[in-house]
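Reading through the structure tokens given below for one structure.
Counting starts at 1 for both ligands and their atoms, in listed order. Keep in mind that the numbers below use all heavy atoms, side chains included, and drop hydrogens, waters and symmetry copies.
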Amino acid sequence: MNLENAKQEFLQYTDPYRKVGERCVLKINHTFRVEALCKQIAKSLSLSKKEIEVAELCGLLHDIGRFEQWKKYQTFEDSKSEDHAELGIQILNTKDYYKKYFTEESIYDIVMNSIRYHNKFKIKEGLTEKEKVFCNIVRDADKIDILYLYTTDDIKLDLKNEPFSDQVYENLIHKKEILKENLKTKGDILSVALGFAFDINYPESFRILKEKDYFNRVIDIYKERNQNEKMQKQLEEIRKTIENYIEEKVKC
Ligand SMILES: [Fe+2]
């Protein structure tokens, strides 16, 4: 595997999609940021030089299904189209296209599982320890970059001035991740991103989140946008919960 060649192949593959829509360009940029985050997290775990490159490759390929998804359905919502992770795996397997990125069969399962489980609520039981590490690196990196996008205009939710439902609020206060199926109010849509705090795996990821201050920035933005009194109070309590949680985790 040659990472530079893999990046070139990715740029070549995605180039035609730039014209398909602005949202595809956003995903190309997201991919390269996730790749860099994977490198940073992998380094913090003292992985070998080769393993750090594999982590970067996983980051590079994790969203490869997004471009066809947009082209076919004009949406990034899996529930309204299809699972973009599975679509990505399908694309890479078609005529062994993955061999343009890597030829070592020894990393095939690592790469494919990191793609398959980057967008699932949990990773499957029964993966090897090594496979789990690469899945978790990509999951952390992806969540960190999604939080970054929440601080920009690229992800802008309209909460219609509704607060969190009591159930979703209780989950966040008890440090539980949020399932999309449990969303009830418009305000609840924001809870998925805030719940990311409780599904982060590595100390380095927590350090990045603390340094970039993403959770506080997102909470500030939505306190400004949603003046509902109940929501204002809920967000302050959630802010405290997340701050304390990250503080504990960076020390690990
Ligand atoms: Fe994704």
Quick one: does NZ or CZ of K27 land under 6.0 Å from the six-membered ring centre of F76, within 45 degrees of the ring axis? yes
How many angstroms lie between atom CD of Q74 and atom CZ of R23, to the nearest 0.5 angstrom? 13.0 Å
Residues joined to Y73 in its hydrophobic cluster, side chain to side chain under 4.5 Å directly or through other members, sorted by chain and number, are none
Hydrophobic clusters join Ile, Leu, Val, Met, Phe, Trp and Tyr when side-chain heavy atoms are under 4.5 Å apart, directly or via other members; which others share one with V138? none
State whether Y214 and R217 meet the cation-pi test: NZ (Lys) or CZ (Arg) under 6.0 Å from the six-membered ring centroid, and within 45° of the perpendicular axis. no
Under the side chain to side chain donor-acceptor pair (under 3.5 Å) test, residues paired with E177 that sit two or more places apart: K122
Tell me the protein N, O or S atoms under 2.8 Å from the Fe ion (ligand 1), in chain and number order. D63 OD1, H84 NE2, H118 NE2
